[in-house]
Amino acid sequence: MFDKMAQQRLAPLWLLVLFVAAWLAILLPANFWFGQSRIWLPWREGSYGLVWPALIVGLLCTFVVVGLVLVAIGRYRPSELGLELAKLPEAVAYTLVVWLLMQLIALGLVFSDADTPELAAELDDSRVGYLIGELLAQLAGNALCEEVLFRGFVFVQCAVRFAGWLPHRPTLSLMAAGLVSSAVFAVAHLPHRLGIGGGYANWAAMGMDQGWLVVWGCVYCWLYVRTGNLLFVVGVHALANARTMLVTAPEFATYLPLSQMLGVGLALVWDRLPGHNATQLR
């Protein structure tokens, strides 16, 4: 995977400027106007909860920043950005494995607490569409867009740059690229936190939030390097953001990053998993 990244071509400065400008042109209005305006509410209600603002913004960002700026203008192939349809079945299969393991762990935690499993409160008939819409908003919107932008493009661009500076230190160059791109990933969340999120209570809360975003960004970078399958990373990211639990687990379990932990576990044995082509790691 490192060799594949190292062969990627560096984006010229003008393309990077256009990339940032296009991204800000969508992100700032989305978080400081569109998300707060509630003009999207009739769309969500009219679709029985299937159309979320994150889906609309994510699709727009993918179309404009990825489709127009990087592919049409920058001449990058979708596969160079991690969008490889041949790897979609594998990504879907192992994302489902992660989800199933999440449910089993939740059941195990309930039984270990000597409690009786209860169906998650969100799964009443009137809310199922909203939960499906929330997951769809991540898989086809927010998580997909973020992974293509920050792992498929920014991380790879940083990796190529650091590989040029550290030609004989591939591991160090990847670590540096992961840290830098994850810091960009964290800062990119500030408009959302300050806009729709309503801001931070204090500087400590901001530092904690940004720190965790860097950590998760590094985890997603490692998953991409380890598996070579960005679409699987999208699945793990989506499960981390959306509510997909079928049973109500003990309260402490809500703080466990189950999807990321299980994603890392699968990635550690990725080349031994059924149906996996180990050559993509070379």
With a 4.5 Å cut-off on side-chain heavy atoms, are Gln138 and Thr244 touching?
no
Using modelled atom types only, decide if a donor and an acceptor are shared between the side chain of Ser173 and the backbone of Ala159 within a distance under 3.5 Å.
no
Minimum heavy-atom separation for Leu258 to Met102, with atom names?
CB-CG, 4.0 Å
Applying ring pair (Phe, Tyr, Trp, His ring centres under 6.0 Å), name anything that partners Phe232, two or more places apart in sequence or on another chain.
Trp270
Counting neighbours of CZ on Arg161 that are heavy atoms of other residues, nucleotides or ligands and sit closer than 6.0 Å, is the number greater than 12?
no
Distance, nearest 0.5 Å, that separates CG of Leu70 from CG of Leu149
7.0 Å
Could you tell me whether the side chain of Trp52 and the main chain of Tyr130 form a donor-acceptor pair under 3.5 Å?
yes
Trp14 atom CH2: more than 12 heavy-atom contacts under 6.0 Å:
yes
Does Ile105 share a hydrophobic cluster with Met261, counting links as ILVMFWY side-chain heavy atoms below 4.5 Å and allowing steps through other members?
no
Closest contact, heavy atoms only, Gly35 versus Trp40
O-NE1, 3.2 Å
Check: Leu190 and Met206 side chains under 4.5 Å, non-hydrogen atoms:
yes
Is Leu81 reachable from Val160 through a run of hydrophobic residues whose side-chain heavy atoms are each under 4.5 Å from the next?
yes
Residues Cys61 and Trp23: closest non-hydrogen pair is SG-CD1, 4.1 Å
When you measure from the side chain of Asn142 to the backbone of Ala54, do you find a donor-acceptor pair of N or O atoms at a distance under 3.5 Å?
no
State whether the side chain of Gln8 and the backbone N or O of Glu80 hold a donor-acceptor pair below 3.5 Å, judged by distance alone.
yes
Heavy-atom donor-acceptor pair, Glu134 side chain to Ala242 backbone, under 3.5 Å
no
Under 4.5 Å between any side-chain heavy atoms of Val69 and Leu15, yes or no?
yes
Point-to-point distance, once rounded to the nearest 0.5 Å, from OG1 of Thr62 to CD of Glu147:
11.5 Å
Are Val214 and Leu179 close enough that some pair of their side-chain heavy atoms sits under 4.5 Å apart?
yes
For a quick test of reading the model, state the closest non-hydrogen atom pair linking Ala143 to Ala238 and the distance between them.
CB-N, 3.9 Å
Output yes when a side-chain donor or acceptor of Gln36 lies under 3.5 Å from a complementary backbone atom of Gly195, and no otherwise.
yes
With side-chain contact (heavy atoms from CB on, under 4.5 Å) as the test, would you mind laying out the steps for Leu230 and Glu84 before giving the verdict?
CA-CA 8 Å; Leu230 188 68; Glu84 300 175 87; over 6 Å; no
Check the pair Leu83 / Leu231 against side-chain contact (heavy atoms from CB on, under 4.5 Å), numbers first and verdict last.
CA-CA 7 Å; Leu83 294 173; Leu231 297 175; 4.2 Å; yes
Are Trp216 and Phe155 in one and the same hydrophobic cluster, where Ile, Leu, Val, Met, Phe, Trp and Tyr link if side-chain heavy atoms are under 4.5 Å apart?
yes
Is the shortest side-chain heavy-atom distance between Val225 and Trp222 below 4.5 Å?
no
Hydrophobic cluster membership, with links at side-chain heavy-atom distances under 4.5 Å among I/L/V/M/F/W/Y: are Leu13 and Val65 in one?
no
Please round to the nearest 0.5 Å and tell me the distance separating atom CG of Leu223 and atom NE2 of His237.
11.5 Å
Testing the basics here: between Ala188 and Leu27, what is the closest heavy-atom pair and its distance to 0.1 Å?
O-CD2, 3.5 Å
Output for pair (Asn241 CG, Ser259 OG), nearest 0.5 Å, gives 8.0 Å
Just by modelled atom types, is the Val92 backbone N or O under 3.5 Å from a matching donor or acceptor in the Thr95 side chain?
no
Separation between CZ of Arg151 and OH of Tyr220, rounded to the nearest 0.5 Å
7.5 Å
Any non-hydrogen side-chain atom of Arg169 less than 4.5 Å from a side-chain atom of Met175?
no
Are Leu194 and Tyr200 close enough that some pair of their side-chain heavy atoms sits under 4.5 Å apart?
yes
Taking the hydrophobic residues Ile, Leu, Val, Met, Phe, Trp and Tyr, and joining any pair whose side-chain heavy atoms are under 4.5 Å apart, which ones share a cluster with Leu59?
Leu55, Leu136
Answer yes if Ile196 and Phe185 sit in the same cluster of Ile, Leu, Val, Met, Phe, Trp and Tyr residues linked by side chain heavy atoms under 4.5 Å apart, and no otherwise.
no
Show your reasoning for whether side-chain contact (heavy atoms from CB on, under 4.5 Å) applies to Asn229 and Tyr94.
CA-CA 11 Å; Asn229 192 330; Tyr94 288 112; over 6 Å; no
Straight-line distance of Leu139 CG to Leu144 CG, nearest 0.5 Å
8.5 Å
Between Gln103 and Leu246, is there a donor-acceptor pair closer than 3.5 Å when you use the side chain of the first and the backbone of the second?
yes
Sub-3.5 Å donor-acceptor pair from the side chain of Arg226 to the main-chain atoms of Leu268, do we have one?
yes
Quick one: does Val269's side chain get under 4.5 Å of Leu273's, heavy atoms only?
yes
Just one of Tyr76, Phe153, Phe150 clears the ring-ring contact (aromatic ring centres under 6.0 Å, His included) bar with Phe19, so which one?
Phe153
Give me the atom names and distance for the closest heavy-atom approach of Ile26 to Pro29.
O-CD, 3.5 Å
Keeping the roles fixed (side chain from Gln157, backbone from Arg9), state whether a donor-acceptor pair exists under 3.5 Å.
yes
